[in-house]
Amino acid sequence: MRVSRLMLVTLRDDPAEAEIPSHKLLLRAGYIRRLSSGIYAYLPLLWRVLQKISTIVRQEMDATGALETLLPQLQPADLWERSGRWAGYTAGEGIMFHLTDRQGRELGLGPTHEEVITTLAADLLRSYRQLPVNLYQIQTKFRDEIRPRFGLMRGREFIMKDAYSFHGDEDSLKQTYAAMDQAYRRIFQRCGLRTVAVEADSGAIGGSASQEFMVTAEAGEDLILASADGRYAANQERAVSLPPEALPLPSEPGAGGAGAPLSTPGQTTIEQLCGAHGFEASQLVKVLLLLARFADGQVQPLLISLRGDQQLNAVKLANAVTARLAPTHGALLAIDPLTAELVRSEKLALDLSEIPFGYIGPDLDDAVLAKTPEAMGLDLSARPGEAPGGVAAAHPPSVRLARSFLRLADTTAADLAAFVCGANAVDRHRVGASWTGLGLKPEALDLRAAQSGDRCLHDPDQCLQAARGIEVGHIFQLGRKYSEALEARFTNESGVDEALWMGCYGIGVSRLAQAAVEQHHDRDGICWPVAIAPFEVIVVIANTQEAAQVELAEGLYDELSAAGIEVLLDDRSERAGVKFKDADLIGIPWRVVVGRGAASGQVELVRRAGSEKLELPASSVCARLEIEISRGRAGMPAAG
RNA sequence: CGGGAUGUGGCGCAGCUUGGUAGCGCACUUCGUUCGGGACGAAGGGGCCGCAGGUUCGAAUCCUGUCAUCCCGACCA
């Protein structure tokens, strides 16, 4: 391909819309254009990159015996209602674009394909003899992200490889899961990426075991916690660790353990309490009041106790709440802090004015939830779930507010023998309280956020270290959640029907391309790994007015092309400097400069990712590059 | 959705405070000189100043509304 025919438009200045290096570079180098927030055109150069990534993904998936397929993107709502995900994916902060067809039927634009594939499996898979099966596709996904960001990193339309496996038993699922783990490692290695595999939360997809593959980069949206010995790595959402030891209170719980009263005027924060009375944060129990909302309209107040020095992990909390209440109330839609503003916006019959925020203890009486705001003159006839204008939403849930707290305590708080906590009265705390003394038997579970510096569970001598990562792949063991909901069953060896075991495996193809740029760039531009570069070599004619240069370069271009090397010829009548700058910016791994030495058959070979330049006869360039590029295509670093 | 910022030729920006008929750099076109790290000179083309309404003799500039984009949180490949 000739650069003069490439529609190459490069920019000198960073576009104002881009924040992180990879986004700026993809825009500047002419790889992408934004059409709307989170919606991008993949220009010809990027399309070549995406095709190369796809090819690697296909080769590695096919090698495991997976079958490529292509599934519908328009998906009927009833499919999602059967799996129980329609409400969660469309209402509230749901991410599914949805629409109504001319018959009045609702459809969703596929954000993921569990429902479709499971329906197909239910139709096609009847016998254990057909199992296991692993189906995959590479196609555009649609997600109405709450906040699209950073170009291709979080788009509303993006390219994904998703795979779904079906099994007769859990062992078979685990085997395929392990095979996918290995395939993913090969895929990322071949793409030239440094990745780390981390334990992950399985989120809205559901299921048990799950692992994410992170491209380590400063701009990553995820926080990774890993031990130095490499034996433990997890997304912070999921990470577990040993908490720092609590400092025991000097005085053991007093009679009854209800705690001695302490006057704490205006001291509503941990810092203020510790500052005023010399406590350690680990001697305190802090209480968070939250509100969980469910698909069926249930609104459940939560009372969460944490040790004063610990932070809440919202994902762990959401999982705990889902496990307890989703079976009766459907999908958990949101958990928000219980504030007057929320009560107002949700039009809840709740009066918070009696709750002593800043002085709450774990034993806060459920009676505070009984107060209705009649005195406040609120109009309670209006219900959430109705669209503005009085038009009823498709499935208006009638809001029901639970009048007692779901009380959960993090283990670090539950383990305290004696602690300081709020006295449920303004300007009052209590010292030396105990759980039994307060008449509570809290449900203790892990709700705390692991932090950098925490000791590891597998080896207390190891500490967790933090790094940022871009999630490019995620594999899950789904179990039988979807097959049971959608009745995907098969007949086993004993002639008995049972639900299929499932796994699912995703790679963000377009995100991977940008992550590669994030990891491989310098101040002059992109430095693509050879395996996914849009072209492998660029031949630059330093001066197109010199016939000798043109002739030599054209010959080289033909020779390299004939050798199966993907080569660009910069034949533009620009000055050499412009062409060098552009070659650096677009990041072609190898550059051959045909310039002053052309008359004597000498050219210059430059590796983009390095600084070394090599003068050599044009006649030996092709052989040399064939060696280098075959290494690069395999994902190996250059020989140098 | 809440909080913050910004909308002026393709890109980056100034002009707005104190209203007076739109400007700079890059890019683009033509000519000339240059020609190995984003050249120089000359000439030229291109702008509903996001959109709508208002104030005014007069609005890019002041007021109101609205839309879009970006950043910080919930979402996730």
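Letters A, B, ... are given to chains in the order of the sequence lines, protein chains preceding strands, and every chain is numbered from 1. Quantities reported herein were computed from a predicted structural model and do not represent experimental measurements.
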*Check if the side chain of R34(A) and the base of U69(B) share a donor-acceptor pair of N or O atoms closer than 3.5 Å.*
no

*Measuring from L8(A):CG to L568(A):CG, what's the distance to the nearest 0.5 Å?*
8.5 Å

*Separation of N319(A) atom CG from C75(B) atom P, in whole Å?*
11 Å

*Interatomic distance, H474(A) NE2 vs C75(B) P [rounded to whole Å]*: 14 Å

*Nearest whole angstrom, please: distance from the P of C70(B) to the CG of D14(A).*
16 Å

*May I ask you to decide whether R2(A) forms a salt bridge with E554(A), counting only side-chain N to carboxylate O separations under 4.0 Å?*
yes

*For F580(A) and G36(B), say yes or no: do the ring centres fall under 5.5 Å of each other while the ring planes differ by less than 30°?*
no

*Describe the nucleic acid contact of R156(A) in one word from base, sugar-phosphate, nothing, applying a heavy-atom distance below 4.0 Å.*
nothing

*Under 4.0 Å between any heavy atoms, over every strand shown, what does D336(A) touch: base, sugar-phosphate, or nothing? Just pick one.*
nothing

*CD1 of I146(A) versus P of C1(B): gap in Å, rounded?*
12 Å

*May I ask you to decide whether E212(A) forms a salt bridge with R238(A), counting only side-chain N to carboxylate O separations under 4.0 Å?*
no

*Given the C1' atoms of G4(B) and C76(B), what is the spacing between them in whole Å?*
24 Å

_Same-atom distance (C1') from U56(B) to G46(B), integer angstrom_ = 31 Å

*What about E604(A), does its side chain sit under 3.5 Å from the base of G36(B) through a donor-acceptor pair?*
yes

*Which nucleotide sits closest to the side chain of E471(A): G38(B), A77(B), G36(B)?*
A77(B)

*For the side chain of F150(A), starting at C-beta, report the closest nucleotide among A77(B), G38(B), C72(B).*
C72(B)

*Could you measure between the two P atoms, the one in G10(B) and the one in G50(B), and give it in whole Å?*
13 Å

*Just call it for V593(A): base, sugar-phosphate, or nothing, with non-hydrogen atoms closer than 4.0 Å on any strand.*
base

*C1' atoms of A59(B) and G53(B), separation to the nearest Å*: 13 Å

*Side chains of T10(A) and D582(A): donor-acceptor distance under 3.5 Å anywhere?*
yes

*Using atom P of each nucleotide, how far apart are G15(B) and C24(B) to the nearest Å?*
15 Å

*Given G38(B), C13(B), C75(B), which nucleotide is nearest the side-chain atoms of V578(A)?*
G38(B)

_Both D524(A) and R147(A) contact RNA chain B. Which one's nearest nucleotide lies toward the 5' end?_
D524(A)

*Looking at Q519(A), E518(A), M214(A), which one forms a side chain to side chain contact (heavy atoms under 4.5 Å, CB included) with L193(A)?*
Q519(A)

_Less than 6.0 angstrom from the centroid, inside 45 degrees of the normal: does R48(A) satisfy that with respect to the ring of F535(A)?_
yes

*Please determine if E114(A) and K481(A) form a salt bridge, counting it only when a charged side-chain N lies under 4.0 Å from a carboxylate O.*
no

*When all nucleic acid strands are considered with a 4.0 Å heavy-atom cut-off, which category describes V472(A): base, sugar-phosphate, or nothing?*
sugar-phosphate

*asked:* Is a donor from one side chain sitting under 3.5 angstrom from an acceptor on the other, for D181(A) and Q211(A)?
replied: yes

*Counter-base of C24(B), judged by Watson-Crick or G-U geometry with both distances under 3.5 Å*: G12(B)

*Across all strands, who's sitting opposite G73(B) as a Watson-Crick or G-U wobble pair, both distances under 3.5 Å?*
C1(B)

*Within this structure, what is the CD1-to-P distance between I159(A) and C76(B), rounded to whole angstrom?*
21 Å

*Examine A77(B): is either OP1 or OP2 under 4.0 Å from a nitrogen or oxygen in the side chain of T112(A)? Give yes or no.*
no

*With the side chain of F476(A) defined as its heavy atoms from C-beta on, choose the nearest nucleotide among A77(B), C70(B), C11(B).*
A77(B)

*asked:* Between C1' on A74(B) and CZ on R154(A), what's the gap in Å once rounded to a whole number?
replied: 11 Å

*asked:* Between the side chains of D201(A) and K316(A), is the shortest nitrogen-to-carboxylate-oxygen separation below 4.0 Å, so that they form an ion pair?
replied: no

*Nearest whole angstrom, please: distance from the C1' of G36(B) to the CG of D582(A).*
15 Å

*Below 4.0 angstrom, N of the basic side chain to O of the carboxylate: do D584(A) and R591(A) qualify?*
yes

*When all nucleic acid strands are considered with a 4.0 Å heavy-atom cut-off, which category describes E237(A): base, sugar-phosphate, or nothing?*
base

*Who is the Watson-Crick or G-U wobble partner of U61(B), with both distances under 3.5 Å?*
none

_Whichever of A314(A) and K613(A) has its nearest RNA chain B nucleotide further upstream toward 5'_ = K613(A)

*Answer yes or no: does a side-chain N or O of R143(A) lie under 4.0 Å from OP1 or OP2 of C76(B)?*
no

_Taking the C1' atom in each of A60(B) and G7(B), what is the distance between them to the nearest angstrom?_
12 Å

*Candidate nucleotides G38(B), G73(B), G25(B), ranked by approach to the side chain of R149(A) - the nearest*: G73(B)

_Nucleic acid contacts of residues 20-33 of chain A, taken as heavy-atom distances under 4.0 Å to RNA chain B_ = R28(A)

*Side chain R572(A) and base G38(B) donor-acceptor under 3.5 Å*: no

_Once you apply a heavy-atom cut-off of 4.0 Å, does E17(A) come out as touching a base, just sugar-phosphate, or nothing?_
sugar-phosphate

*Determine the contact category for G473(A): base if any of its heavy atoms lies under 4.0 Å from a base atom, sugar-phosphate if only primed atoms, P, OP1 or OP2 are that close, otherwise nothing.*
sugar-phosphate

*Base, sugar-phosphate, or nothing: which does A18(A) touch, judged by heavy atoms less than 4.0 Å apart?*
nothing

*Write down the distance between CD (Q236(A)) and P (C75(B)), rounded to a whole number of angstrom.*
13 Å

*Answer yes or no: side-chain N or O of Q545(A) and base N or O of C35(B) forming a donor-acceptor pair under 3.5 Å.*
yes

_Phosphate-side-chain proximity, R575(A) and G38(B), N/O vs OP1/OP2 below 4.0 Å_ = no

*Is there a Watson-Crick or G-U wobble partner for U66(B) with both distances under 3.5 Å, and which nucleotide is it?*
G50(B)

*Under 4.0 Å: is that the gap between some side-chain N or O of S36(A) and OP1 or OP2 of U69(B)?*
yes

_Let's test this: given Watson-Crick or G-U wobble pairing with both distances under 3.5 Å, identify the partner of C31(B)._
G41(B)

*asked:* Salt bridge check, R293(A) against D336(A): does any charged N sit closer than 4.0 Å to a carboxylate O?
replied: yes

*asked:* When the P atoms of C16(B) and C11(B) are compared, how many Å lie between them, rounded to an integer?
replied: 23 Å

_Closest to side chain of K581(A), choosing from G37(B), U69(B), A77(B)_ = G37(B)

*Distance between the C1' atoms of C51(B) and U8(B), in whole angstroms?*
14 Å

*Nucleotide of G38(B), C13(B), C70(B) approaching Y40(A) most closely (side-chain heavy atoms)*: C70(B)

_Between S22(A) and Q514(A), a side-chain donor and acceptor under 3.5 Å_ = yes

